[in-house]
Amino acid sequence: MEHQVFVPVPADDLRAVLRDPARVARCVPGLQQDADTGVGPLSGRLRVRAGGSTVTYRGSAAVTEQDPGHFTFEGEGTEVRGSGTVKFSLDLRLTPAPDGTRLDFTARATADGRAASFAPEAAATALRRLLDRAARQLAAGSAISDPVAEAEAAEADGPVEPGDDVTEVSATVFETEVPPPSLDPSLDPFLAGGFEDLDANGAPRPPAEAAHARRTMIGRSAEEVDHAPPRGRYAPVPAPAATATGDSLRWIAPAAALALASAVVIGRALRRRR
C-alpha cells in the first residue's frame, strides 16, 4: 500500500527526528514503551483498531537510514491475547516541497490470527489513519528541541568566562536601606526614654501598671503556676453541701434511743402489775 502526507516542516528537521529512535518512538500513536531499555526505544505495546475490532500487539521495530531522504522501518509483533503474529516493512521517502516536505509511505505486511480476518478496506483505512497521525506527530516532534543535544552544544561552547556579557550584582545586604520603624518614639514615653527613674543597669523603669502586669504574667515561679488554683471561668465548681442529710441524722439517733428507753420502762411496769 502507498500513501502520501504533506507536512509544513523542512526535510532537514524531519531527518533529525528520524535519526533519533527515542524521538521516533514518541511519534508512534498509541505506543506504550517497555520499561526494559535494553530492547530499544521502539519496543512495547501497540493497539490497532480496524473496523469494529481491536487487537493489541507486543513487539519491536528498527529504523534504518538508507540515504538522507530514504528511511526504512522493519518490525514484528505478537498478539497479547492470542497467538497471532504480524510482520511489516515501511519505506519512508522525504521529498522537499514548497513550504514543507512530502512524505511518501510504502507499506508491506504479512499477518495471521485475528488480523488475517480483517477486511482489506478496513485494514487499509486503519493503516492510513495511523500514518496520518504519525506524520502529524513527526512534524510536531521536529519543533521540539532535543535537550540532550542542547546540553552537548553548551558543553562544546565551553564555560562562561568572566568577560562575557553577564550582569554582575554588586549590592549587598548591608548596603540596603533600612525602612523607618513603624512605632513613633514620640508617641510612647517608654520608647523615648522619658522616665527619670532608672534601674541598676541604667535602663528606664516601666510604669507601675506595666510592672504589675509583667509580674502577673511571668513573675511567678513554675511551682506557683503548677500549684495555684485556677481562677475566673476556669475555677472548679464546689460540690453541693449535704446539709439536709446531716440534719435528719442528727435527730434520728436521739429519737431511737428515747423510743427504746420508753419500751423498756413500759415493759417493766407491766410485769409489776402481774
Pairwise distance CG(Leu90) to OG1(Thr72) - rounded to 0.5 angstrom
8.5 Å
Is there a path of hydrophobic side-chain contacts, each under 4.5 Å between heavy atoms, that joins Met1 and Phe71?
yes
Can Arg108 and Thr106 be said to form a side chain to side chain contact (heavy atoms under 4.5 Å, CB included), step by step?
CA-CA 7 Å; Arg108 295 176 296 273; Thr106 303; 3.7 Å; yes
Please report the closest heavy-atom contact between Phe6 and Pro98, naming both atoms and the distance.
CZ-O, 3.7 Å
Between Ala50 and Ala122, the two heavy atoms sitting closest are CB-O, 4.1 Å
Contacts of type side chain to side chain contact (heavy atoms under 4.5 Å, CB included), residue Thr95, not counting sequence neighbours
Arg102, Asp104
Looking at Asp99, I want to see if its CG is surrounded by more than 12 non-hydrogen atoms of other residues, nucleotides or ligands under 6.0 Å.
no
Could you tell me which non-hydrogen atom of Ala111 sits nearest to which non-hydrogen atom of Val86, and how far apart they are?
CB-CG2, 3.8 Å
Tell me whether Asp34 is salt-bridged to Arg58, with the criterion being a basic N under 4.0 Å from an acidic carboxylate O.
yes
Taking C-beta and beyond as the side chain, do Val55 and Glu79 meet within less than 4.5 Å on heavy atoms?
yes
Which is it for Val80 and Tyr57 under the side chain to side chain contact (heavy atoms under 4.5 Å, CB included) test, yes or no, and what are the steps along the way?
CA-CA 6 Å; Val80 174; Tyr57 292 94; 5.9 Å; no
Would you give the length of the straight line joining atom OG1 of Thr56 to atom CZ of Arg81, rounded to the nearest 0.5 angstrom?
7.5 Å
Show your working on side chain to side chain contact (heavy atoms under 4.5 Å, CB included) between Phe73 and Val24 and close with a plain yes or no.
CA-CA 11 Å; Phe73 298 83; Val24 173; 3.9 Å; yes
Evaluate the criterion side chain to side chain contact (heavy atoms under 4.5 Å, CB included) for residue pair Leu103 and Gln4; output intermediate values, then yes/no.
CA-CA 6 Å; Leu103 307 180; Gln4 290 184 356; over 6 Å; no
Does a side-chain heavy-atom distance below 4.5 Å link Leu94 with Leu92?
yes
Val9 to Ala139 - nearest heavy-atom pair and separation
CG2-CB, 3.6 Å
Sequence neighbours left out, cut at 3.5 Å: what donor-acceptor pairs do the side chains of residues 112-119 make with other protein atoms?
{"residue": "Asp112", "atom": "OD1", "partner": "Thr85", "partner atom": "N", "Å": "2.7"}
{"residue": "Asp112", "atom": "OD1", "partner": "Thr85", "partner atom": "OG1", "Å": "3.0"}
{"residue": "Arg114", "atom": "NH2", "partner": "Thr54", "partner atom": "O", "Å": "3.3"}
{"residue": "Ser117", "atom": "OG", "partner": "Arg114", "partner atom": "O", "Å": "2.6"}

d(Asp20 CG, Arg26 CZ) to nearest 0.5 Å is 7.0 Å
Check: His70 and Asp91 side chains under 4.5 Å, non-hydrogen atoms
yes
Counting only heavy atoms not in Arg47, do more than 12 fall under 6.0 Å of its CZ?
no
Roughly how far, to the nearest 0.5 Å, is CG of Leu42 from CD of Gln33?
7.5 Å
Short side-chain to backbone donor-acceptor contact, Arg15 and Pro68, under 3.5 Å:
yes
Is Pro10 close to Asp13 at the side-chain level, that is, under 4.5 Å between some pair of heavy atoms?
yes
Can you give the donor-acceptor pairs under 3.5 Å from side chains of residues 125-137 to other protein atoms, not counting sequence neighbours?
{"residue": "Thr125", "atom": "OG1", "partner": "Glu121", "partner atom": "O", "Å": "2.9"}
{"residue": "Arg129", "atom": "NH2", "partner": "Arg49", "partner atom": "O", "Å": "3.2"}
{"residue": "Asp132", "atom": "OD1", "partner": "His3", "partner atom": "NE2", "Å": "2.7"}

Any side-chain to backbone donor/acceptor pair from Thr101 onto Val7? Under 3.5 Å, distance only.
no
